[in-house]
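Order of appearance sets the numbers: ligands from 1, and atoms from 1 within every ligand.
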Amino acid sequence: MSEVLMDMQNLTKYFTLDTDFLGRPVTVLKAVDGVSFRIEKGEAFGLVGESGCGKTTLGKIIVNLYSPTSGKIFFEGKELTALKEEQRRSYCKDIQMIFQDPYASLNPKMTIGDIIAEPIIINRLLPKSQVEERVIYLLNCVGLARHQRNRYPHEFSGGQRQRVGIARALAVEPKLIVCDEPVSALDVSIQAQVLNLLDDLQDEFGLTYLFIAHGLNVVKHISDRVGVMYLGKLVEIAPKRELYANPLHPYTQALLSAIPVINPEKKKERIILQGDVPSPINPPAGCRFCSRCFKEMDQCKLNVPVFKEVSPNHWVACHLFD
Ligand code: SF4
């Protein structure tokens with residue numbers, strides 16, 4: 001039986017953009033709107049969706065960069081959302097984040113060695129005399145050489161900088177790493193190397209990943225289960241093989257149809273979605289996907305579809321499965 005590491009229940013994150021003269025919110029952006037799912041210990045959970053769907057906001061809630069507007073988060077059975085901010089911060093060490101832009105997330109004035117050493121020193125994980133040895137070990141783990149610890153971020157390529165970001169995340173021996181589009185800023189040739197590195201490190205350190213990405217092709221290799229988000233809501237979750245072989249939600253079907261096929265004999269029809277993603281300030285009243293759905297029915301505009309398990313471990317929010 002798998003063990004749940006993190007359990008999110010009905011999470012929302014609303015940003016107030018404008019208030020009236022009494023300070024009451026009048027324009028509210030619903031970035032995350034009632035999201036529930038679990039991340040199991042040792043798994044890689046891929047979270048996919050277009051820009052603005054709320055996946056990065058959700059990642060930032062998990063690493064405590066944002067507080068949720070409502071909902072509960074449990075980590076190893078402990079309710080983080082019931083803790084005071086100071087107590088919650090003590091869990092930050094266990095939940096780390098790797099950012100999309102490795103250059104923006106590394107202090108340009110610090111050497112690579114100091115960047116990796118900093119969280120070890122702040123969290124008092126080792127005596128000072130052992131920190132350098134640990135930094136060299138971590139550099140080695142991510143495929144960098146010990147002499148590179150005296151260099152600065154600008155002296156490294158994009159792929160190498162992402163390796164530094166990974167080493168810094170590993171430095172505090174986290175249990176969960178939120179990887180926020182960690183390869184989308186890298187050349188295609190480098191992307192596979194970084195993905196393979198993350199895969200190897202997961203086995204070596206027994207890590208759990210929440211892997212956030214724009215498209216289903218990126219998470220295919222690394223994920224055990226995949227969740228698809230649209231306009232602040234989860235629309236489908238399934239084990240990887242099941243999701244790629246049998247996508248149920250029309251949005252997932254459209255995302256999958258966009259992945260290029262290498263074998264020309266296996267031609268598939270591309271589903272082109274019409275229109276743009278509606279604004280999260282004023283989302284459609286019923287199913288959020290109804291303005292772009294090619295299977296829309298009468299009730300879709302009126303009723304919000306319930307997120308339910310339609311076959312073992314396969315969850316979907318769509319009236320086609322009512
Ligand atoms: Fe399409 Fe209706 Fe399903 Fe929404 S509920 S995805 S509009 S068929």
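- Under 4.0 Å is where a charged nitrogen must lie from a carboxylate oxygen, and between Lys93 and Glu173 no such pair does.
- A salt bridge links Glu181 with Lys55: the distance from a Lys NZ or Arg NE/NH1/NH2 to an Asp or Glu carboxylate oxygen falls below 4.0 Å.
- Salt-bridge formation is not detected for the pair Glu43/Lys240: no Lys NZ or Arg NE/NH1/NH2 atom is positioned less than 4.0 Å from an Asp or Glu carboxylate oxygen.
- One finds no salt bridge joining Arg149 and Glu155 here, because no Lys/Arg side-chain nitrogen approaches an Asp/Glu carboxylate oxygen to under 4.0 Å.
- Legend: residues meeting ring pair (Phe, Tyr, Trp, His ring centres under 6.0 Å) with Phe45, ordered by chain and number and at least two apart, are Phe37.
- Within the sub-2.8 Å shell of atom 1 (Fe) of ligand 1, the protein contributes these N/O/S atoms: Cys293 SG.
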Exercise for the section: Take Arg168 and Glu118, measure what salt bridge (charged side-chain N to carboxylate O under 4.0 Å, His left out) needs, and give me the verdict at the end. Expected result: CA-CA 8 Å; Arg168 181 181 54 181; Glu118 190 180 43; over 6 Å; no
